[in-house]
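Just below is one structure, and these are the notes that go with it.
Each chain gets a letter, A, B and so on, in the order its sequence line appears, and its residues count up from 1.
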Amino acid sequence: MSRRLGFYLLLAPLVVWLGALLIIPHIELLLTSLQVKVKPRVYEFGFGNYAAFFTEPLYWNTFARTALMSIAATALTLIVGFPISYYIAKLARGRSRAILFVLCLLPFWVSELVRTFGWMILLRETGVVSNTLQWLGLSSGPIEFLYNDAAIMVGLVYTSMLFMVVPLVTTLESLDDSYIEAGYDLGGNGFAVMREIVIPHAMPGIVTGCIVVFMLSLGNYLTPILLGGKDSLWFTEQIYAQFITRFNWEQGSAFGFLLLVLSSLIVWAGLKLTGQTLGQTVGRG
Amino acid sequence: MTPESPVAYDLECRSLTKSFDDFVAVQSIDLAIPAGSFFSILGPSGCGKTTLLRMMAGFVRPTSGDILIKGRSVLDVPPNKRPVNMVFQHLALFPMMSVAENIGYGLRRRGVPREDIARRVEEALVRVGLPGSGGKRISQISGGQKQRVAIARCLVLDPDVLLLDEPLGALDLKLREHMKVELKKLQHEFGTTFVYITHDQSEALVMSDRVAVMNAGRFEQVGTAQDLYYRPATAFVAAFVGESNKWRGKVETADAGRLTVLTEDGVRIAGSGEAALAAGATVDVFVRPEAVALSRDAAGIASMANRMDGAVASVLFNGAASRVLIKAGAAQAEIDVALPQTGEFNDLAPGQPIHFGWSDAQTTCFRAG
């Protein structure tokens, strides 16, 4: 009996945490989103706010663009992060490995805002990159690198890198060197060993890292706004505009809920496409 | 090891050396393994045997010397192109693949057509006694079956030499005994040259055609199991292979290899050693427990060159490998004697007086290093 009590006591903080910060706000969000404004201060139950998302092309175009950009950012982070993680986990030894890991961690000691301003200092019209190109004579006038999709992508990949590298290093470290050696010994070249042994083994880390990076990118607000400018068309911007600028909490709630459902659908589809299950990968990783 | 007849040997090493910074792991090893034989390298951990094997596989580049497979130098051949395959210490079966995919891995790398792979994999499974197990996951098969899959995964590629890195170490005793016989049988059936490294002398002695005893980066002796056991070339081999009673002493008289030695405990022992040993030299004397005969009375061992008496200190019963520890001599040193299984000494109890003796031919002396 007392063991049971202990279990519930230990579980209590988690339940309170999830309930207060996740479940209650989302129930509230759901209820608010189902209120349709018929005239000032008069609301009735309906799906009008959701219908608005699908009937107004700007809304779902913005969402589709955000989702595609986030998928691209995730893929890029994976492509850049995998070699780094492989080097840290398998090739670096002792001290240099710890130093490399800290180097990945270091940018996260300053706030995201400062980091993003760092990119702005580099990329703006009068910034470091533009000036350097002019000084080298490669460009005749100042170039604006900010306020385009590439700048958003750079910011997103940079911000997400650690969340890809940590799970990848963890899973790659658990791969015994003898598997890699056996892969070579039996006649495999570097590519075959990578494809048949290293990547299948690292799959839990890849899936975990991709889910985290995708969700972070999709829900990111600061980086797209600062590096992409007014026209970055990020979906979180729409939610912000509904809540703060237009004071349309009902519409904002509907968008918030749609973001949750649609991003979950994309993650589910991604897992299905790659033949993974959440329990198998995250549980193992 | 004549270079003019290269085809006779599947694997040759010529003054092979590997040093890491200022530590020499493998020191000028010369070695030639005839085709189709089972060759073991036996040595304590840290003697360099793993480094030697990894040089043969191509994972470690030798500092100097040469490795030849079927007479051709493979120094510049990377591990994935060498005609050798390796069974790893923990087998390294790929957990994300089925048994058949594991065995077919090497064939897929060679671009063998799919139908051929399926056929050859099943053939290999039949030969190692696991027909129809191709669909199983690695986690579903037992330790002994994993051994056989690991061997099949290599042998399906028909390598010139199969390298085995203590693959039996992780098994329990009973299975290990069984796999020893199994491995020898597989080697015989496939006719592939096996190079087996181990620190377990019984594995090396039971399975091998020839054994090299390795210590501190060098080969102490290369020979058949009988050579190593009955005619050890160095004190290290005498001490490492099998059990021995060991004394240190000074040579009193020497006559063409027939020695009398006065041990530090004051016991005079007649033994044999190399002819170069002269009176006054310090030697180590080795006598195997099973070379010592027991007797209840002095008459029973009258024909032996070395005769002593003492009292039974303890009886260590271990079935066929039972031992008696006898306290003898002025120093009351304990001597380890194999207990004859004829029934005559079954009632031996601690404290009883006992006579024992052994011949001088079975007493090997080496200059103390």
Side-chain angles (χ1 to χ4, degrees), chain A residues 78 82 85-86 89-96 167-210 271 273-285, chain B residues 50 53-60 74 77-98 101-112 117 121 124 138-139 146 149-159 161-167 169-170:
Chain A
L78 179 62
F82 195 88
S85 312
Y86 190 80
K90 285 276 147 248
L91 303 175
R93 291 272 169 265
R95 223 181 137 75
S96 64
L168 280 180
V169 167
T170 313
T171 46
L172 285 173
E173 263 178 349
S174 69
L175 176 67
D176 197 283
D177 285 347
S178 66
Y179 291 119
I180 298 172
E181 285 180 351
Y184 281 110
D185 185 67
L186 295 164
N189 54 21
F191 176 74
V193 171
M194 214 25 102
R195 202 193 59 195
E196 296 229 14
I197 294 152
V198 178
I199 290 177
H201 178 89
M203 215 53 204
I206 294 175
V207 170
T208 310
C210 283
L271 287 173
L273 271 178
T274 52
Q276 305 288 323
T277 68
L278 206 60
Q280 192 186 72
T281 50
V282 179
R284 257 170 62 203
Chain B
T50 302
L53 196 77
R54 291 173 63 81
M55 282 196 278
M56 294 173 185
F59 296 124
V60 174
V74 292
V77 181
N80 53 351
K81 301 263 163 54
R82 281 196 193 187
V84 299
N85 290 116
M86 183 152 158
V87 177
F88 287 79
Q89 189 164 16
H90 301 291
L91 306 180
L93 292 173
F94 306 131
M96 52 292 228
M97 299 180 198
S98 69
E101 284 168 335
N102 260 285
I103 299 175
Y105 173 88
L107 295 172
R108 289 201 297 280
R109 299 284 76 76
R110 287 185 182 173
V112 176
I117 293 180
V121 166
I138 295 302
S139 53
K146 281 181 191 163
V149 172
I151 291 162
R153 184 173 76 169
C154 293
L155 290 182
V156 77
L157 296 174
D158 203 14
V161 180
L162 183 70
L163 308 171
L164 300 103
D165 182 5
E166 300 197 47

Would you check if the side chain of A:Tyr179 reaches a backbone N or O of B:Phe94 as a donor-acceptor pair within less than 3.5 Å?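 Such a contact is absent between A:Tyr179 side chain and B:Phe94 backbone.
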Pick from B:Pro78, B:Ala57, B:Pro95 with the largest number of heavy-atom pairs that fall under 4.5 Å of chain A: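 Top option by heavy-atom pairs under 4.5 Å: B:Pro95.
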With a 4.5 Å cut-off on heavy-atom pairs, point out which of B:Arg153, B:Glu101, B:Gln89 contacts chain A the most.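 Most heavy-atom pairs under 4.5 Å with chain A: B:Arg153.
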Side chains of A:Ile180 and A:Lys90 in contact at under 4.5 Å (non-hydrogen atoms):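 Heavy-atom side-chain distance check passes, below 4.5 Å.
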Between A:Glu196 and B:Arg109, does the side chain to side chain contact (heavy atoms under 4.5 Å, CB included) criterion hold? Intermediate values first, please. CA-CA 11 Å; A:Glu196 296 229 14; B:Arg109 299 284 76 76; 2.9 Å; yes
Is B:Leu91 in contact with chain A via its backbone, its side chain, both, or neither, using a 4.5 Å heavy-atom distance?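 Neither part; nothing is under 4.5 Å.
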Segment of B:Met86 engaging chain A (4.5 angstrom heavy-atom cut-off):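 Both parts, backbone and side chain.
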Before giving the answer on side chain to side chain contact (heavy atoms under 4.5 Å, CB included), spell out for B:Arg54 and A:Glu181 the whole-Å C-alpha distance, their side-chain angles and the decisive distance to 0.1 Å. CA-CA 10 Å; B:Arg54 291 173 63 81; A:Glu181 285 180 351; 2.6 Å; yes
Between B:Phe88 and B:Asp165, is a side chain to side chain contact (heavy atoms under 4.5 Å, CB included) present by the stated rule, with each step listed? CA-CA 5 Å; B:Phe88 287 79; B:Asp165 182 5; 5.7 Å; no
What part of A:Asp176 lies closer than 4.5 angstrom to a heavy atom of chain B: side chain, backbone, both or neither?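 For A:Asp176, no heavy atom lies under 4.5 Å from chain B.
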